[in-house]
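Within every chain, numbering begins at 1; the chains are lettered A, B, ... in the order of the sequence lines, protein sequences first and strands thereafter. Keep in mind that the numbers below use all heavy atoms, side chains included, and drop hydrogens, waters and symmetry copies.
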There are 2 protein chains.
Amino acid sequence: MSAHTYEYPRPAVTVDIVVFTLRENRLQVLLIQRAEPPHAGAWALPGGFVHMEESLEEAAARELAEETGLRQAYLEQLYTYGAPLRDPRGRVITVAYFALIPAGASLQQSPTYEVTQARWFPVDALPPLAFDHAEIAAYALRRLRYKLEYSAAGFELLPEEFTLTEIQSTYEIILGEQLDKRNFRRRILEANIIEPTEQMRSGEGRPARLYRYRPDAVAEVKARRLFP
Amino acid sequence: MSAHTYEYPRPAVTVDIVVFTLRENRLQVLLIQRAEPPHAGAWALPGGFVHMEESLEEAAARELAEETGLRQAYLEQLYTYGAPLRDPRGRVITVAYFALIPAGASLQQSPTYEVTQARWFPVDALPPLAFDHAEIAAYALRRLRYKLEYSAAGFELLPEEFTLTEIQSTYEIILGEQLDKRNFRRRILEANIIEPTEQMRSGEGRPARLYRYRPDAVAEVKARRLFP
DNA sequence: CCAAAAGTGTTTGCTCTACACCCATGG
DNA sequence: CCATGGGTGTAGAGCAAACACTTTTGG
């Protein structure tokens, strides 16, 4: 890393974000439709170039805000993709992030000149994606599912207050399987990561108590060891 | 990501590698001593610039080969560090990898003009490091320990054939705690990821059977769920 | 009073953990 | 024959999974 190495040609660096949310009882991903070549008209992950004065995480947060209007969201670096030919225009390395948006958060999209349209797609029905974005989205989904199993990341997809049935349903949607109601309630209450509020929510049937996430909660569980 | 954005100034992109091995019954990390400013004379992780025609993984493998002479090693992307001021020379984004080298592999170092010296340091006794490399090394160690708990990555640090005591000792060194001999053996044999060879190794005391890793083994265990 | 969703404990099986002695070889 | 490390099984405790009925509200 001596000084003269700086004369080498440099790759361009972007961030791309896999934005997840719950909508209509499905896990969905935000995609934008590209306005310009390459892949004009194709769907792609939101993203853009990293500015010189901002960190990678700041770049991801800025792009997320530009696409959704949201300033607060769970954001986690996923993986960096750098195959030499992944972008036909030249060498572009992208640092992929994934974001979790609370269900029902009001998005205000301010599409820039780059974007003709933004839309949510269910994760199990994504259209063909530009570049290597299908691979990135698939990896993000794997990571999200895995993460749910040993952490409390699921709360990032819920509004501030929620019923036990709603959170169970969140887990069922993401994991794609049914869970036992009594076991689920016992374990989530014993884990001590949520606390009851004074409110109840009325709908059809008996009203349900509302809970909130305890932000001070230690939300990771130690993975079971392969070896003792 | 339209074409005109390519006129933006670009960051430099490097790879840095946290190379782990077992030496003298300790987990050790390879460091190089910098020959040129900034941080001339300080210890740092091996690494270098990503060339335009190679992938990130290829860049990491090339740098690893240049520093150690090893062409085959376990290599995994760790995290990408991109704080604007992490390198005083300007904007340098680094994609960090970690590598696992089998114990006793013969290294041939071919230090380049950039490196005055390369040395192994025990992970619990690293010298002060240049740039943000201390943070990177600490994260790599955390990831390695975590990885050992739910995968069979430990085998990458062992020679092709090994005794059960040797592999148990590997786990004890990395995890930093003693493990029960009978429980360890039962579980690793039931996991079906190693198979006995015909060879025995004689030393002091009763000879021990040699085992080898089954490369077709499914070496990950499902993490215990936080919720049922 | 009926439909709809909320809420609540116990039993059973399995997995993890703790623990101590005999075996094979070399010197 | 003795020192050294290799190799082996079992019992008890704690955790996870399966399972059905009662309660509260709105219409």
Side-chain angles (χ1 to χ4, degrees), chain A residues 25 103 148-152 158-159 161-173 175-212 218 220-228, chain B residues 22 25 103 148-152 158-159 161-173 175-212 220-228:
Chain A
N25 287 330
L148 273 208
E149 300 201 343
Y150 68 87
S151 84
L158 287 172
E161 301 194 334
F162 46 84
T163 67
L164 293 181
T165 300
E166 284 167 354
I167 187 178
Q168 178 174 349
S169 150
T170 299
Y171 275 78
E172 289 175 339
I173 289 168
L175 297 176
E177 60 184 295
Q178 297 300 109
L179 303 175
D180 180 90
K181 183 160 69 161
R182 279 171 292 187
N183 291 340
F184 184 87
R185 285 169 183 235
R186 183 183 331 114
R187 286 183 63 169
I188 200 169
L189 291 174
E190 282 172 359
N192 217 35
I193 54 184
I194 61 175
E195 56 189 13
T197 69
E198 298 306 307
Q199 265 83 252
M200 309 286 281
R201 171 173 304 162
S202 293
E204 290 189 76
R206 174 173 170 177
R209 179 160 299 276
L210 288 171
Y211 289 78
R212 79 167 70 86
V218 180
E220 299 230 344
V221 80
K222 210 158 173 48
R224 183 164 73 89
R225 287 199 190 167
L226 182 52
F227 308 123
Chain B
L22 289 173
N25 287 328
L148 273 209
E149 299 199 346
Y150 68 87
S151 83
L158 287 173
E161 301 195 332
F162 47 82
T163 67
L164 293 180
T165 300
E166 284 167 353
I167 186 179
Q168 180 174 348
S169 151
T170 299
Y171 275 78
E172 288 175 339
I173 289 168
L175 297 176
E177 61 183 294
Q178 297 299 110
L179 304 174
D180 180 89
K181 183 160 68 161
R182 278 171 293 189
N183 290 341
F184 184 87
R185 286 170 182 235
R186 183 182 331 114
R187 285 182 66 166
I188 200 171
L189 291 174
E190 282 173 358
N192 218 35
I193 54 184
I194 61 175
E195 57 190 11
T197 68
E198 297 306 306
Q199 265 84 254
M200 310 287 279
R201 171 173 303 161
S202 293
E204 291 187 74
R206 175 173 170 177
R209 179 160 300 277
L210 288 170
Y211 289 77
R212 79 167 71 86
E220 299 229 345
V221 78
K222 214 161 170 49
R224 181 166 73 89
R225 286 197 190 168
L226 183 51
F227 307 123

Ignoring hydrogens and angles, answer whether the base of dT10(C) and the side-chain atoms of Arg186(A) contain a donor-acceptor pair closer than 3.5 Å. yes
Whether the side chain of Asn183(B) and the base of dA18(C) hold a donor-acceptor pair under 3.5 Å is what I'd like checked. yes
Closest to side chain of [X], choosing from [options]:
X         : options                  : answer
Arg206(A) : dG9(D), dT23(D), dT8(C)  : dT23(D)
Ala208(A) : dA6(C), dT8(D), dA16(D)  : dA6(C)
Arg209(B) : dG7(D), dA6(C), dG9(D)   : dG7(D)
Thr165(A) : dA6(C), dC19(C), dT25(C) : dA6(C)
Arg182(A) : dA5(C), dC19(C), dC19(D) : dC19(D)
Arg185(A) : dA4(C), dA6(C), dG7(D)   : dA6(C)

Dump the intermediate steps for side-chain hydrogen bond (donor to acceptor under 3.5 Å, both in side chains) on Thr165(A) and Arg201(A), then the final yes or no. CA-CA 11 Å; Thr165(A) 300; Arg201(A) 171 173 304 162; over 6 Å; no
Just how far, in rounded Å, is [atom2] of [N] from [atom1] of [X]?
X         : N       : atom1 : atom2 : result
Lys181(A) : dA6(C)  : NZ    : P     : 6 Å
Ile188(A) : dA16(D) : CD1   : P     : 15 Å
Arg201(A) : dG7(C)  : CZ    : C1'   : 17 Å
Gln178(A) : dC19(D) : CD    : P     : 14 Å
Asp180(B) : dG7(D)  : CG    : P     : 15 Å
Phe184(A) : dG7(C)  : CZ    : P     : 13 Å

Using a heavy-atom cut-off of 4.0 Å across all strands, would you classify Ser202(B) as base, sugar-phosphate, or nothing?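 Since no nucleic acid heavy atom lies under 4.0 Å of Ser202(B), the category is nothing.
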Should Phe184(A) and Asp180(A) count as side-chain neighbours, where that means a heavy-atom distance under 4.5 Å?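 Side chain of Phe184(A) against side chain of Asp180(A), heavy atoms only: no contact under 4.5 Å found.
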Tyr211(A) side chain near Ile188(A) side chain, heavy-atom distance below 4.5 Å: no
Please compare Glu166(A) and Pro207(B) by the position of their nearest nucleotide in DNA chain C and report the one closer to 5'.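 Nearest-nucleotide comparison on DNA chain C picks Glu166(A).
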Derivation of the side-chain contact (heavy atoms from CB on, under 4.5 Å) call for Leu210(B) and Phe162(B): CA-CA 5 Å; Leu210(B) 288 170; Phe162(B) 47 82; 5.5 Å; no
For Leu179(B) versus Glu172(B), what's the shortest heavy-atom pair and its separation?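 Here Leu179(B) and Glu172(B) meet closest at N-OE2, 2.9 Å.
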